[in-house]
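First up is the structure itself, then whatever we jot down about it.
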Amino acid sequence: MATDLATLTFIGIESSCDDTAASVVRHVEGALPQILSSVVEGQTALHAAFGGVVPEIAARAHAERLDGCVEQALAQAGLALSDIDGIAVTAGPGLIGGVLSGVMLAKGLSAGSGKPLIGVNHLAGHALTPRLTDGLAFPYLMLLVSGGHCQFLIADAPETFHRLGGTIDDAPGEAFDKVAKLLALPQPGGPRVEDQAKQGDPKRFAFPRPLLDRPGCDLSFSGLKTAVLRARDALIAEKGGITVQDRRDICAGFQAAVAAVLAEKTRRAIAVYLERAPDSPALAVAGGVAANTAIRQALETVCAAQGVRFLAPPLRLCTDNAAMIAWAGIERFRIGARDGMDLSARPRWPLDQTAAPMIGSGKKGAKA
Ligand code: KG4
Ligand code: ZN
């Protein structure tokens with residue numbers, strides 16, 4: 001039976017890090033896509049004792065939970081698999097055990113139902129989210145800022161992304177998490193550091209602004225984290241410990257440095273993007289760090305100064321979810337992409353295949 005391309009209903013499956021997720025998305029051409037269901041089962045509690053995501057534990061949990069998530073997503077959408085036009089699954093990048101679990105399940109569903117299979121790049125899922133939420137037109141500028149990734153991309157088409165720059169070491173969320181650890185704050189560190197920073201003096205500690213002296217849009221956050229460690233140790237050496245106010249001031253100084261670096265690099269990325277003279281210039285952000293109010297404000301200010309629309313999808317769609325995978329599947333399907341039973345799970349899968357490989361790009365294979 002030929003599928004009517006004007007109305008597409010896809011199920012998306014996501015299992016590349018520590019969220020097991022399934023979602024049903026419907027798109028009627030000319031209207032905004034509808035998320036009919038979005039189930040996300042996190043694994044924070046399973047990994048809490050280990051201070052990070054343990055790949056084997058994650059893979060086992062995905063294998064145990066994926067079936068249930070898919071059933072729930074279909075039930076919440078009020079649909080059966082036979083009502084679905086295609087099955088989209090994250091085929092990388094990510095922790096390979098989890099990606100494999102998802103890809104195998106999707107292949108089974110596709111083989112059993114005869115529905116088309118579409119492999120999706122997890123990062124493309126994030127990068128296409130502003131089209132799911134706001135119907136944003138290409139080309140737009142995208143900043144991915146999460147615990148696993150940090151990069152500027154120009155999104156030109158569902159499978160065409162041009163990377164302008166990215167982190168050469170840690171991702172900003174990773175830096176927030178490490179700073180929280182250094183200051184004995186619980187994980188995930190970002191929201192805790194932000195909280196502390198609200199009552200801190202951002203000027204007391206002169207933390208570095210890494211890579212601002214170099215042209216281009218690449219970023220670095222690991223030196224900043226080391227500067228925080230040195231500041232903490234200097235206080236301990238001097239007074240035998242750090243006070244509550246010291247901690248707030250360190251957090252405020254660190255956050256101000258991250259915001260300043262992201263703002264300046266965003267300004268440069270926008271300048272490159274504007275050379276293309278897009279009709280309705282826009283910058284969209286995705287990733288957990290986009291939840292940070294100070295960082296968001298800094299980015300909004302830069303956008304306003306350059307006449308660029310600023311978009312931040314709701315947090316549940318900025319962080320890992322399967323609606324973005326279903327949507328990216330619909331986008332790929334519309335341009336004719338189809339995958340077969342030879343679809344492979346990939347631990348690494350850069351979005352911009354033409355860009356030079358990065359020295360580092362946040363946690364390898366971790367979630368974006
Ligand atoms: O996108 P996400 O949920 O998953 C990853 O890709 O990791 O992002 C999580 C990251 C964590 O590192 C977390 O500390 C950071 O985003 N984060 C924040 C804030 N909320 C979450 N960082 C700074 N400020 C926040 N308010
Ligand atoms: Zn992600």
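Note that these values count all heavy atoms, side chains included, but never hydrogens, waters or copies made by symmetry. Ligands are counted one by one from 1 in listed order, and the atoms in each one are counted from 1 as well. Residue numbers run from 1 in the order of the sequence given.
Under the 4.5 Å side-chain criterion, counting only non-hydrogen atoms from C-beta, Thr167 is not in contact with Gln151.
For His122 and Trp349, the distance between ring centers is not under 6.0 angstrom. When ring centroids are compared, Phe176 and Phe221 stay outside the 6.0 Å threshold.
No more than 12 heavy atoms of other residues, nucleotides or ligands lie within 6.0 Å of NZ in Lys203, so this atom counts as exposed by the packing criterion.
Remark: distances from the non-hydrogen atoms of Asp320 to ligand 1 are all 4.0 Å or more.
At a 3.5 angstrom cut-off on N or O pairs, Gly173 counts as close to ligand 1. Considering backbone and side-chain atoms alike, Gly190 places an N or O below 3.5 Å from some N or O of ligand 1. The N/O atoms of Gly147, backbone and side chain alike, include one that comes under 3.5 Å of an N/O atom in ligand 1. The shortest N or O to N or O distance between Thr319 and ligand 1 is not below 3.5 Å.
Residue contact check: Asp177 has heavy atoms under 4.0 Å from atoms 11 (C), 12 (O), 13 (C), 14 (O) of ligand 1. The Gly148 neighbourhood of ligand 1 comprises atoms 6 (O), 7 (O), with distances under 4.0 Å to a heavy atom of that residue. Atom numbering of ligand 1 starts at 1 in the shown order; those under 4.0 Å from a heavy atom of Ser146 are 1 (O), 5 (C), 6 (O). Below 4.0 Å from some heavy atom of Gly288 lie the following atoms of ligand 1, by number and element: 1 (O), 2 (P), 8 (O), 16 (O), 17 (N), 18 (C), 19 (C), 20 (N), 21 (C). Those atoms of ligand 1 that come under 4.0 Å of a heavy atom in Gly287, given as number and element, are 1 (O).
Phe161 and Leu311 end up in the same hydrophobic cluster when Ile, Leu, Val, Met, Phe, Trp and Tyr side chains are linked at under 4.5 Å.
Annotation: cation-pi geometry not satisfied between Arg230 and Phe205 (NZ/CZ under 6.0 angstrom from ring centroid, within 45° of ring axis). Cation-pi geometry between Arg26 and Phe10 is not met at under 6.0 angstrom from the ring centre and within 45 degrees of the axis.
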